[in-house]
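For reference, the structure is listed below as structure tokens.
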Amino acid sequence: MSLYTELFRTFFKIGIVTFGGGYAMIPLIESEVVDKHQWVSKDELLDLIAIAQSCPGVFAINISTFIGYKLRQRKGAWCASVATALPSFVIILLIAMFFHSFEDNRVVAAMFKGIRPAVVALIAVPTFNLAKRAHISLSTCWIPIGGALLIWLLGVSPILIIIAAAVAGYVYGKYIQPTE
């Protein structure tokens with residue numbers, strides 16, 4: 001099987017379980033591209049996640065594009081990106097075509113309510129794993145929480161938070177961080 005076929009199959013499988021968005025896909029992405037195929041290391045995936053978060057666009061497609069590009073440049077990026085987006089596109093198209101026939105169905109509404117807690121768990125687990133790998137501890141968890149609260153409660157621009165975090169991280173790493 002060619003690498004393009006394997007790349008497409010892998011990211012199509014990842015794209016098909018898109019409940020909860022890109023962050024919910026992190027465990028599956030890690031399992032497939034780090035553990036199974038060994039296309040990137042855990043550290044590289046952490047870097048890719050950070051880059052994908054800072055780039056405009058869909059998180060999962062950004063990651064798939066970066067991994068595809070690493071493996072086969074532009075054609076690999078295109079293959080992985082299309083494979084990630086295609087399942088969502090087809091599912092949304094089908095839902096749009098048939099939604100009017102079941103939008104008032106109580107069973108469907110109950111299913112969607114039941115999916116919500118699972119999506120929260122799918123997002124929470126990789127968040128805690130990423131925090132651990134990024135060396136966020138109880139003593140430093142106030143930084144992302146404080147940033148989120150400043151954005152949410154006070155309407156501070158996320159760009160200002162990112163710039164302030166970058167400056168603070170540089171100062172901390174250069175001048176304050178205790179030697180190990």
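We number each residue from 1, following the sequence as shown.
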Closest non-hydrogen atom pair between [X] and [Y], with its separation:
{"X": "Gly114", "Y": "Pro117", "value": "O-CD, 3.3 Å"}
{"X": "Ala80", "Y": "Leu7", "value": "CB-CG, 4.0 Å"}
{"X": "Asn62", "Y": "Pro56", "value": "ND2-O, 3.5 Å"}
{"X": "Asp35", "Y": "Ser31", "value": "CB-O, 3.3 Å"}

Does Glu44 use its side chain to pair, donor to acceptor, with the backbone of Ser41 at less than 3.5 Å?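 Yes.
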Can you list the other members of the hydrophobic cluster that holds Tyr4, where links are side-chain heavy atoms under 4.5 angstrom apart?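 None; Tyr4 is a cluster of one.
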Are [X] and [Y] connected in the hydrophobic side-chain network, where two residues link if heavy atoms are under 4.5 Å apart?
{"X": "Leu93", "Y": "Val90", "value": "yes"}
{"X": "Phe11", "Y": "Ile91", "value": "yes"}
{"X": "Ile51", "Y": "Ile49", "value": "yes"}
{"X": "Phe59", "Y": "Ile92", "value": "no"}
{"X": "Phe8", "Y": "Ile16", "value": "yes"}

Please tell me if the side chains of [X] and [Y] come closer than 4.5 Å, counting only heavy atoms from C-beta onward.
{"X": "Trp39", "Y": "Thr10", "result": "yes"}
{"X": "Val167", "Y": "Tyr170", "result": "no"}
{"X": "Phe12", "Y": "Val82", "result": "no"}
{"X": "Phe66", "Y": "Val40", "result": "no"}

Distance, nearest 0.5 Å, that separates [atom1] of [X] from [atom2] of [Y]:
{"X": "Leu28", "Y": "Ile14", "atom1": "CG", "atom2": "CD1", "result": "5.0 Å"}
{"X": "Thr65", "Y": "Trp78", "atom1": "OG1", "atom2": "CH2", "result": "12.0 Å"}
{"X": "Ile61", "Y": "Ile63", "atom1": "CD1", "atom2": "CD1", "result": "11.5 Å"}
{"X": "Leu48", "Y": "Ser64", "atom1": "CG", "atom2": "OG", "result": "10.5 Å"}
{"X": "Arg9", "Y": "Glu32", "atom1": "CZ", "atom2": "CD", "result": "10.0 Å"}
{"X": "Ile67", "Y": "Ile29", "atom1": "CD1", "atom2": "CD1", "result": "6.5 Å"}

Decide whether Thr84 and Ser81 meet the rule of one side-chain donor and one side-chain acceptor closer than 3.5 Å.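 No, no side-chain donor-acceptor pair sits under 3.5 Å.
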Would the number of heavy atoms belonging to other residues, nucleotides or ligands and lying under 6.0 Å from CD1 of Ile159 be above 12?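 Check fails, neighbour count at 12 or below.
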